[in-house]
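Below: the structure, in structure tokens.
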2 protein chains.
Amino acid sequence: MRVTIKEVAIEAGVSLSTVSRVLHNNSKITEETKDRVNKAIKKLGYHPNFIASSLAGKPTKTIGIVIPNDSDELFKNTFFINAMRGISIYAQKKGYFLMYSFSKNDEEEVRFIEKYIRSGWVSGIVLLNAYENDKCINYLKDNDFPFVIIGSPSESKDINWVDNNNYDAMAEVVELLISKGKKNIAFIGGSKNLRVTKDRFAGYLSVLEKNKITPQSGLHFFRNSFSESEGYNCTMEIIYSGIEFDSIVTTDDLYSYGALKALEESGRKNIMVTGFNNTPKSSYINPSLTTVEINADELGENAARLLIEHLENKNLKPSGVLINSNLIERETTT
Amino acid sequence: MRVTIKEVAIEAGVSLSTVSRVLHNNSKITEETKDRVNKAIKKLGYHPNFIASSLAGKPTKTIGIVIPNDSDELFKNTFFINAMRGISIYAQKKGYFLMYSFSKNDEEEVRFIEKYIRSGWVSGIVLLNAYENDKCINYLKDNDFPFVIIGSPSESKDINWVDNNNYDAMAEVVELLISKGKKNIAFIGGSKNLRVTKDRFAGYLSVLEKNKITPQSGLHFFRNSFSESEGYNCTMEIIYSGIEFDSIVTTDDLYSYGALKALEESGRKNIMVTGFNNTPKSSYINPSLTTVEINADELGENAARLLIEHLENKNLKPSGVLINSNLIERETTT
DNA sequence: ATTATTTATGCAAGCGGTTGCACGTAAACC
DNA sequence: GGTTTACGTGCAACCGCTTGCATAAATAAT
């Protein structure tokens, strides 16, 4: 059997409570008894039993991570592992345990969250949602359970979130194109309902305005799914429309791959293209794609920080954190 | 406060023990009381508290996963996330929770394992070690703690492991080359101390022998680190040596990338090259690389299966499982 | 010296389940 | 009809730790 607090108490000649107090050094214990207890702990090789400790009321110091498993897109894979690693870096530093589960769909996602909460295992949850999942958020809010979401919530409900500074990131991209003499910049993005699309589009518009360029709605595209073919189609639409354009920015590398394909097929030269998310493929293709690295590690790390801070200080107000991204210049903008 | 077994007992008009027994339906309880209890459970929305249950002696049904975090290369491929997903698929089906931690180095790895065990949280461990880590294995064996390792142990110590059928996989690769008329096949692999290298090399030799081709030691390379530059160097060595060769097999895509570079630089044509691990880059480069998909999902899934089976049946003997891989033919072998 | 105040430590009641053993009742036996 | 057997259920101890409250000793105040 493992060494328990009881053996330590006997060895040190004190009561169980004293040992427990030494362990949490919360009460004023004489240096002398503290020493005795610590020696006993060392001598017996005692390690506290977290389960018992949790049952008795201490927080579990465990965070549950829920990962959607419904998307095969590659970038998400590196995104997830990096985010998970980021979370682990902060959590481990703070002595927290990490649990994870992959969910096939929204419904399962809620079920897992429920299980995490009801079982008593975890004291906080990180939602690694690439997109909206109001079911989860509502469930967590209804249960008043601490959580943080990576990605911004659609409306600014008062919850904890961590996201990129999408406005600035896209602004930087557009600045780059303008500095290269581009003026007619097309925009291909996801659904306009997504906060991320709105922010990136706003960043795009801001730079146009700053440079006294009138935005042309004929160059703006919002699609409901992320895929190469959507990028291809949008680009073809522009070409057929006859609207003048000299460059394309997108909110996801996938769109850009499609755009590049369309440009090549239609023989259009000197059109600069940029992407978003720095997917693995972006550096291997020819020409290599200028894109934005979103720093998933940092997103994860800050998500963990935010959550743990709120776990340890219950009356902190929910807040959001913006993480900077890096523009990676490659061949499609030269 | 959450609903406890006590409220259920009162609601159903039975004792705590009866409710507990219904929950585990291990003793003979009348259908009628069983019904009453189940109704009460449903009515009150009762969910068992795993923490209490674990304290009272039930297994935690939680598996700890330890991931080495010391190599950035490892994060370029999707091995880990896929293995983790594979593990989750089986574990979740069986109602197990999953914990993970990234470790910076061997030492930290052992520390995390120790923490997992001593805290009482986990009842089994999956080692996601790309290579040997005897410290961990020894620690786990010394403590007689259930675990499984993904990758084969160096010697066949009696432990649970899951690995690819590296012998057959490499044999298939070499068969392919021979079927294309190749005879002088170079081999570039990792350290010969690694079981994985030994197995793949053995598979390679077996096919040569079967085809009455005499292996030439001048075409065999074993390097201690996995990197593009090692692959480059080995290939250059062959070229300088003047030994005739018409193809190269490697035990990792990274070597192959280096080899391709060397071949291109030196203007050698018609040399077929194959890799291993199906890294993302392998399909994007030009020419695309013929390689072997090792099916990380399946490795993970089977690791979880093996571990859970042993957890639930203590007197099972340790065993190993071989997972098939798939040869992916691409342009470097056409 | 006596009483009031502080302080370090111990006591014991939980936290929410599990389970060996005891017990009462009903069925089975002679 | 009385005794044995089997079976379903309850009692209570326990898992290892936490913590409010009580207590005894030490210190300060009068």
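Not measured: the values here are computed from a predicted model. As a basis for the values below, the full set of heavy atoms in this structure was taken, side chains included, without hydrogen atoms, waters or symmetry mates. To find a chain, count down the sequence lines: A is the first, B the second, and so on, and within it residues start at 1.
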Legend entry - For A:Glu11, the option from A:Lys43, A:Lys6, A:Lys39 that meets side chain to side chain donor-acceptor pair (under 3.5 Å): A:Lys43
Legend entry - Worked verdict on A:Ser17 versus A:Ser20 for side chain to side chain donor-acceptor pair (under 3.5 Å): CA-CA 5 Å; A:Ser17 13; A:Ser20 174; over 6 Å; no
Inset, instruction - State whether B:Phe50 and B:Lys58 meet the cation-pi test: NZ (Lys) or CZ (Arg) under 6.0 Å from the six-membered ring centroid, and within 45° of the perpendicular axis. - result: no
Legend entry - Check: B:Phe147 ring centroid to B:Phe145 ring centroid under 6.0 Å: no
Just the atom pairs and distances: protein N or O near nucleotides 18-20 of chain C's N or O, under 3.5 Å.
unit_1, atom_1, unit_2, atom_2, d
C:dT18, OP1, B:His24, NE2, 2.3
C:dT18, OP2, B:Ser20, OG, 2.5
C:dT18, OP2, B:His24, NE2, 3.3
C:dG20, O6, B:Arg21, NH2, 2.7

Legend entry - Atom-to-atom span, CD1 of A:Ile41 to C1' of D:dC17 - whole angstrom: 13 Å
Legend entry - Gap between atoms CZ and P, on B:Arg118 and D:dG16 respectively (whole Å): 14 Å
Inset, instruction - Provide, to the nearest angstrom, the distance between the CG atom belonging to A:Leu55 and the P atom belonging to C:dC15. - result: 10 Å
Inset, instruction - Would you mind reading off the distance between A:Leu44 atom CG and D:dG16 atom P, rounded to a whole angstrom? - result: 15 Å
Legend entry - Atom pair distance, as rounded to whole Å: NE2 in A:His47 and P in D:dG16: 16 Å
Inset, instruction - Report yes if the side chains of A:Leu98 and A:Thr62 come closer than 4.5 Å at any heavy-atom pair, otherwise no. - result: no
Legend entry - Euclidean distance, atom CD1 of residue A:Ile29 to atom P of D:dT18 [Å, nearest integer]: 13 Å
Inset, instruction - Taking only the side-chain nitrogens and oxygens of B:Thr30, find out if one of them lies under 4.0 Å from OP1 or OP2 of D:dC7. - result: no
Inset, instruction - Give a yes/no on whether any side-chain N or O of A:Ser54 is located under 4.0 angstrom from OP1 or OP2 of D:dC17. - result: no
Legend entry - Helical bend (five base pairs per end, nearest 10°) for the helix from C:dA1-D:dT30 to C:dC30-D:dG1: 50°
Legend entry - Beyond-backbone contact of A:Ile89 with B:Phe102, side-chain heavy atoms, under 4.5 angstrom: no
Legend entry - A:Ser319 side chain reached by A:Asn160 side chain, heavy atoms, under 4.5 Å: yes
Inset, instruction - Could you tell me whether the side chain of B:Ser103 and the main chain of B:Glu108 form a donor-acceptor pair under 3.5 Å? - result: no
Legend entry - Rounded distance in Å - NZ (B:Lys61) to C1' (C:dG17): 16 Å
Legend entry - Residue pair A:Tyr116 / A:Ser101, side-chain heavy-atom distance below 4.5 Å: yes
Inset, instruction - Check the distance between D:dC15's C1' and B:Trp121's CH2 and give it to me in whole angstrom. - result: 14 Å
